[in-house]
Amino acid sequence: MAQKIRLVVSYLLCIVIFVFVFQFILADHISLKWPDMRYTLLVCLAIASFVNLYKHPRDVAISLFVPAALSAAIAPKLLFLSKDVKIFGNMIWSELGFFLFAYLLINLLHYLLYNFLKYRKSVAVFITILKIILTMYPITFISYFIAIRDILDTVSVIAVYQTNIQESKEFLLGIISPSIAILIIVTAVIVSWLFWQSTRSVEFHSLGQRKCSTLVVFILLWLTPLKITDCYVKKIVDNSQEYLQSVRNFRSYRYNSDGTPKIIPATTSLSGDNQTFILVLGESQARDHMNAYGYKRNTTPWLTPKRLDPNFIFFENAYSSHTLTMKVLSMALTEANQYNKRDFAETYSIIDIAKAAGFKTVWLSNQAKYGNFSTPTTVISDMCDQQIWVNTEADFSNKFDEYLLKYLPELPKQGRNLVVIHLSGSHYEYKDRYPDEYRKFDNSDDLPLTDIKSVQKVNEYDNSVLYTDYVLSKIYEYAESNKNVAGIMYLSDHGEDAFADNKHIVGLFRFRMSRIPLFIYLSSEYQRNNKDILNNLLHNRQMYFSNDFVYDTILNILKIDQKFYEPYNSLASDKYNYQPSDLTTLNGQIKLSDDNKKE
């Protein structure tokens, strides 16, 4: 028994070394976090316990480790080649854990059939077929990449859901040339032959049925807690299904039972024909880290002087309605808010109402189009007349926000327009959100002496705020050079607790995660023509505000009929009179009056 335990331990050590080397080879950002790697290491322990059943332990490498490692490497490598994105360690752990788990189950089944059935050649054929089916995952990805130089992603899966058999056939025939078809067939044949040769030559130790069953139960007990749900293919399938379900629910509210769109009788009393309004949505930016709001570091060299510009109005007490982007924007951009408890799928958005009132709507984004944290935003943006997405993956873009600037000249200049620009801003990892020339803060100067977990993280966060200030300055320059721009509103979805490195995790809530910047620029012409709105905004500068009222405020500034928003929810209205004790964050769990502004 002691010898068997020593063997298991030695096998486990070799396997763990293998998976860590695999991580270091493939990942741009290594992850040694226990939540990322625990399930994969648990599979490794199960495999180490399983090796003793082979007469020749080398068979484990041939029948399990080699195909699992090659399969696990495909999605990360193709993602890098096609999208030029950085590969994070948690993805490597997920992919490797999934394929080690899958091949372990197949080999465990092989072991059972080997012991209980006499027809071992038939068993080998069956196991080979299972391995071939599993191998279709990497072969499909490689073939797709060769055909169109891109990786199968959420967009591809959505396209499959939304097409019919004939369209799918035409698409496949259009991208698969004869040479690619031959390559696929030859590859499949070679892989099948290799699997057959390796499977038929495997020999297991024979054990009695009771011992065999006991061992199987032992291994399955180790595997029971496994929840390997983050492998790439499952993620894109889940994201696409979630997106399509949200689309169905959200869109059904906008259409009659016969399929015709509902008529929304919205109008605007705005004077002037050529006017563009821009709503800029920041990401994870806390006003606590902005010099324009009193932070010691000069993180906002462009914005701070605008405090003295009469065209700019700064709001001192704006808060987010939640710390999760999905929850925030599903309320900020629609009739839903923390207080009316409206269901997102049964509300109109600022896009719906603005379009109905005659505005052309444009969505320009550097956020992910599909994914668990962006679906409500995506279905809202789908209602726009024009969409420009820099990043179409279910992850954060590796393109800096200034990449959006080149699309500004393409924005409409005639007629009335509403443009939404969605930044990546200061989303974690902060250091990936800005180019090298914005690495200004690299020490502890002007930082508080206490309550800082990582000076490096604070520096990276402040650099990202500095970079966002630059991007905003360029959007403003565009507005100044195009006199049709009548207004700009900027706010962040939520803040960030960079000091304690708590990011914006709900369970670690501090008000730093909810304190956000909010400012509005109004052109001189707009101010002259709408003095009532200007005076109301100036009067409400010190009022407390939760950003689920952005919908009402925007429509008020656009001078849309009041029946489509609540004036008492709008900063541009003389009816706005909320006190801190009236407003909340985290969907009503915490009152804004609880904020002592010391943390």
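Everything quoted here is computed from the prediction, not taken from an experiment.
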Return the [atom1] to [atom2] distance between [X] and [Y], rounded to the nearest 0.5 Å.
X    : Y    : atom1 : atom2 : answer
E437 : L466 : CD    : CG    : 10.5 Å
R439 : S464 : CZ    : OG    : 11.0 Å
L447 : I452 : CG    : CD1   : 4.5 Å
F99  : L64  : CZ    : CG    : 12.5 Å
Y407 : S365 : OH    : OG    : 11.5 Å
C231 : L96  : SG    : CG    : 12.0 Å

Heavy-atom closest pair, residues V471 and L423: CG1-CD2, 4.1 Å
statement: Closest non-hydrogen contact found for R297 with N443 is NH2-O, 2.6 Å
query: Should the ring pair Y470 and Y438 be called parallel, tilted or perpendicular, given that the plane angle runs from 0 to 90° and is split at 30 and 60?
result: tilted
Is there a donor-acceptor contact under 3.5 Å linking the side chains of [X] and [Y]?
X    : Y    : answer
D501 : S454 : no
S426 : S284 : no
T299 : D462 : no
E496 : Y430 : yes
D401 : N366 : yes
Q367 : E283 : yes
S514 : S320 : yes
Y114 : R120 : yes
T325 : H494 : yes

Short question: side chain of [X], backbone of [Y] - any donor-acceptor pair under 3.5 Å?
X    : Y    : answer
D497 : R512 : no
T199 : W196 : no
S492 : Q285 : yes
S71  : A68  : no
R433 : H427 : yes
N463 : F441 : yes

task: Starting from the C-alpha separation in whole Å, work towards a yes-or-no answer on ring-ring contact (aromatic ring centres under 6.0 Å, His included) for F145 and F141.
output: CA-CA 6 Å; F145 177 78; F141 271 71; over 10 Å; no
- prompt: Is it the case that more than 12 heavy atoms not belonging to K327 sit under 6.0 Å from its NZ atom?
  reply: no
message: So for atom NZ, which belongs to K503, do other residues, nucleotides or ligands contribute more than 12 heavy atoms lying within a distance under 6.0 Å?
response: yes
Is the [X] to [Y] ring centre distance short of 6.0 Å?
X    : Y    : value
F101 : Y103 : no
H504 : F509 : no
F20  : W93  : yes

Is there a side-chain contact between [X] and [Y], using heavy atoms and a 4.5 Å cut-off?
X    : Y    : result
V191 : K131 : no
W363 : T377 : yes
I92  : I25  : no
V420 : L364 : no
H422 : L404 : no
H289 : V458 : yes
F98  : K234 : no
V66  : L70  : yes

message: Given the ring of Y232, does K235 sit roughly above its face, with NZ or CZ under 6.0 Å from the centre of the six-membered ring and within 45° of the axis?
response: no
task: Would you check, one step at a time, whether the test ring-ring contact (aromatic ring centres under 6.0 Å, His included) holds for F400 with Y434?
output: CA-CA 6 Å; F400 301 125; Y434 52 87; 7.6 Å; no
message: Under 4.0 Å between a side-chain nitrogen and a carboxylate oxygen: does that hold for K33 and D36?
response: no
